[in-house]
Amino acid sequence: MLAIIGGSGLTQFSGLEIIETLDLDTPFGQPSAPIQIAQLKGKSVAFLPRHGAGHRIAPHKINYRANIHALKKAGVTSIIGVAAVGGITSKYGPSVLVVPDQIIDYTHSREHTFFSEQFRADNHIDFTWPYDAELRQALLNAAQSRNLSIIDGATYGAVQGPRLETAAEIKRMANDGCDLVGMTGMPEASLAREAELPYASLAIVANWAAGVSPELLTMAQIQQTLSAGIGEIKDLIAQFIEQM
Ligand code: HPA
């Protein structure tokens, strides 16, 4: 079963026919919300809003370990993390859809591994390519089937939040090779890898990152771009599930 972890702009997945709600506990605490099991295109799909049902959990407070563990417990076998991001480099302007292929992690002080307590020598996961190649390709194929334009590949810079960045921080991230900036891509991706769950990210650019355009960032503008783009994301996910 596929899971969708919804982010900003996708707290609810309207149109899903929910058949079950799983209120799961884990050794790491509670996930962000009960997991909804729904039917889409005749297939079961799990949905979990990353920031909680009412979007009340800040990016650094999300219990990423509980979320991934609970999904695994629910029988999930692959995950698509939907993410709103800021665009840093020129191709990645507002409203663009992206399937990133790399990550630079600037987050700190987050519980970021399942292997803290009982560490074993073979617990160093390979993370050369942080996203699952097959899932990425399937997302790109689904976009093509629906004639949706989408960019294949980008380096996602994961930041702590919840504040947005300074112009100098974005300049540094650009120098580092980041194309996108977001607050929730890590440790979600690496925990999925630790849990042996194939994971890919579907990112939607909500705004130019700080200092990239002369305008200051407003949440109203960001939210407007996200609500305009969410239809395409749902379309793409429905197509993805149909092709699964
Ligand atoms: N920075 C960090 N996270 C974000 C942004 C941004 O500009 N836009 C959407 N999520």
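Order of listing sets the numbers, starting from 1, for every ligand and every atom in it.
Those atoms of ligand 1 that come under 4.0 Å of a heavy atom in G86, given as number and element, are 4 (C), 5 (C), 6 (C), 7 (O), 8 (N), 9 (C). Within ligand 1, counting atoms from 1 as listed, the ones closer than 4.0 Å to a heavy atom of E165 are 1 (N), 2 (C), 6 (C), 7 (O). Counting the atoms of ligand 1 from 1 in the order shown, those under 4.0 Å from a heavy atom of M183 are 2 (C), 3 (N). Below 4.0 Å from some heavy atom of A84 lie the following atoms of ligand 1, by number and element: 9 (C), 10 (N).
Of the protein's non-hydrogen atoms, the one nearest atom 4 (C) of ligand 1 is V181 O, 3.7 Å.
Look at L164 and you'll find a heavy atom under 4.0 Å from some atom of ligand 1.
Considering only heavy atoms from C-beta on, Q160 comes within 4.5 Å of R110 through its side chain.
With a 4.0 Å cut-off on non-hydrogen atoms, N207 touches ligand 1 through its side chain and not its backbone.
The shortest non-hydrogen separation linking L197 to S78 is CD2-N, 4.4 Å. For the pair R146 and E242, the tightest heavy-atom approach, listed with the atom from each and the gap, is NH2-OE1, 4.0 Å.
Partner of P34 under the side-chain contact (heavy atoms from CB on, under 4.5 Å) criterion, out of D23, L24, L22: D23 alone.
Under the 3.5 Å distance criterion, with hydrogens and angles disregarded, a donor-acceptor pair is assigned to the side chains of T113 and E194. Q239 and D235 share no side-chain donor-acceptor pair at under 3.5 Å.
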